[in-house]
There are 2 protein chains.
Amino acid sequence: MTGSKEKDLAAAPGTSRAQKDATVAPGTGRAQKDAAVEPGDSPLHLDRFIPYRLSVLSNTISMLIASAYEREFGLSIPQWRIMAVLARYPDLSAVEVAERTAMDKVAVSRAVQGLLSSKRVLRAYDKGDRRRSILRLSAAGQAVYTRVSPMALRYEQELLSALSPADQRTLDRLLTRLMDQAQSMQASRDS
Amino acid sequence: MTGSKEKDLAAAPGTSRAQKDATVAPGTGRAQKDAAVEPGDSPLHLDRFIPYRLSVLSNTISMLIASAYEREFGLSIPQWRIMAVLARYPDLSAVEVAERTAMDKVAVSRAVQGLLSSKRVLRAYDKGDRRRSILRLSAAGQAVYTRVSPMALRYEQELLSALSPADQRTLDRLLTRLMDQAQSMQASRDS
DNA sequence: AACGAATGGTTACAATTGAAACTATATCCC
DNA sequence: GGGATATAGTTTCAATTGTAACCATTCGTT
């Protein structure tokens with residue numbers, strides 16, 4: 001079936017060959033490849049699309065940081081988030097942790113199980129409401145946290161060092177605004 | 001086993017009960033809950049941590065938009081990305097698509113299979129190199145794209161409408177800088 | 001007190017994703 | 001020409017994640 005099926009698609013002359021470079025820097029002289037579509041013809045360009053760029057940026061950063069404390073402490077992102085919130089607010093229940101970490105309760109349950117078995121979190125149950133758990137870092141968990149958190153903050157600082165202090169403050173403000181807007185869009189959809 | 005195990009953890013007086021509100025607005029007068037930890041005692045506060053905020057923001061937006069074109073066109077995020085890039089650059093191979101969509105080749109392979117079976121993408125093979133595929137939108141795929149992309153752009157606009165035009169330009173600039181920095185951090189780690 | 005609804009949390013199962021192995025073709029080098 | 005090596009893409013298997021169902025307990029109502 002290699003016979004004659006390709007021809008209608010392998011149309012553009014000089015298309016198939018060429019191209020050794022991975023990034024295809026624009027403006028390299030020969031611009032034949034994209035001949036069929038004028039830039040601007042297509043209304044949406046992925047590289048300019050803010051949701052896409054946010055997603056790629058966020059994934060890049062998360063993987064960068066996560067791989068560091070995964071490698072060094074065997075912590076997953078959910079586990080690390082839980083430790084961070086328990087470090088500041090001990091004795092939260094699982095749902096309270098979920099609210100503060102933007103995770104759902106299933107994710108919290110699973111991550112807590114991991115933290116329990118690695119003995120980094122202790123769990124008790126509320127006397128007055130025996131459904132509620134009461135979570136806090138163990139001494140070992142505290143110790144891990146005091147080593148992980150400076151590392152995380154260093155990564156953040158290194159990232160932000162690409163921005164002037166003024167731009168850093170602006171970023172903070174823009175993120176807050178965008179988050180508010182995103183939440184209101186979500187709320188209006190769910191209404 | 002409900003006997004006496006909880007006591008060592010359910011320590012803080014008045015801790016277990018109380019708390020009806022989900023968000024625990026700071027500065028509500030009674031600040032007993034967090035008694036054990038002074039704010040500032042813990043070096044890292046998740047709500048202020050840029051990588052965390054980026055992640056939550058990005059996920060919120062992605063889910064918001066994705067659920068729309070999933071519901072209306074049965075498109076997943078990877079499929080939608082591929083269509084967007086093929087709309088602008090027809091006749092790319094799978095790895096070229098991967099490069100332009102920040103996806104790996106396995107993800108592209110799977111998404112392309114979906115797009116092939118829904119007849120929204122056509123695949124041919126390069127005459128000169130029979131490993132290379134040549135992908136482009138079908139007429140039906142084009143038609144879907146011309147309906148999806150304005151929708152995506154409307155979402156983006158609605159999101160950005162929370163920012164002044166000047167702030168929108170600033171956001172663009174900051175995202176570029178941060179992405180460059182993230183990539184250079186990644187590169188220096190892999191080195 | 002007793003029944004139905006709500007809440008906290010876990011479990012089970014399906015769908016998605018990631019990593020490694022694999023097939024097929026092409027290139028390099030002798 | 002013929003083996004080693006690289007590249008394009010798919011498949012396979014394991015791990016992660018999402019969704020729904022599920023206990024247990026508590027609350028609200030009568």
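Protein chains get the first letters and strands the later ones, always in sequence-line order, with residue 1 at the start of each. Side chains are part of it too, since the values below use all heavy atoms of this structure and drop only hydrogens, waters and symmetry mates.
- When the C1' atom of C/dT7 is taken as reference, atom CD of A/Glu99 falls 12 Å away, rounded to whole Å.
- Residue B/Arg123 places at least one side-chain N or O closer than 4.0 Å to OP1 or OP2 of D/dT10.
- Listed nucleotides: D/dT11, D/dG9, C/dT25. Nearest to the side chain of B/Gln113: D/dT11.
- Comparing A/Asp104 and B/Leu116, the nucleotide of DNA chain D nearest to each residue sits closer to the 5' end for B/Leu116.
- Nucleotide C/dT16 holds its C1' atom 17 Å from the CG atom of B/Leu75, rounded to whole Å.
- Closest of all the heavy-atom pairs between B/Phe73 and B/Arg147 is CE2-NH1, 3.7 Å.
- Rounded to whole angstrom, the span from the CE atom of B/Met103 across to the P atom of D/dT10 amounts to 12 Å.
- A straight line from CD of A/Glu70 to P of D/dA15 spans 13 Å, rounded to a whole angstrom.
- Residue contacts for B/Val106: at a heavy-atom cut-off of 4.0 Å it reaches a base atom on one of the strands shown.
- Counting distance only, with no hydrogens placed and no angle test, the side-chain atoms of A/Arg131 and the base atoms of C/dT7 include a donor-acceptor pair under 3.5 Å.
- A/Arg110 contributes a side-chain N or O that forms a donor-acceptor pair with the base of D/dG18 under 3.5 Å.
- Dense packing is recorded around CZ of A/Arg173, with more than 12 heavy atoms of other residues, nucleotides or ligands lying under 6.0 Å away.
- Residues B/Ser93 and B/Arg131 bring no donor and acceptor atom of their side chains to less than 3.5 Å of each other.
- Between A/Asp129 atom CG and C/dG8 atom C1' the separation is 7 Å, expressed in whole Å.
- Across all strands, B/Ser133 comes closer than 4.0 Å only to sugar-phosphate atoms, never to a base (heavy-atom distances).
- Rounded to an integer number of Å, the gap from CD1 of A/Ile82 to C1' of C/dG9 is 13 Å.
- Between the side chains of B/Arg189 and A/Ser67, at least one donor N or O sits under 3.5 Å from an acceptor N or O.
- Distance B/Arg81 CZ to C/dT17 P: 11 Å, rounded to the nearest Å.
- A/Ser55 and B/Arg81 share a side-chain donor-acceptor pair at under 3.5 Å.
- Side-chain N/O atoms of B/Ser109 include one lying less than 4.0 angstrom from OP1 or OP2 on D/dT10.
- Between the CG atom of B/Asn59 and the C1' atom of C/dT16 there is a distance of 15 Å, given to the nearest Å.
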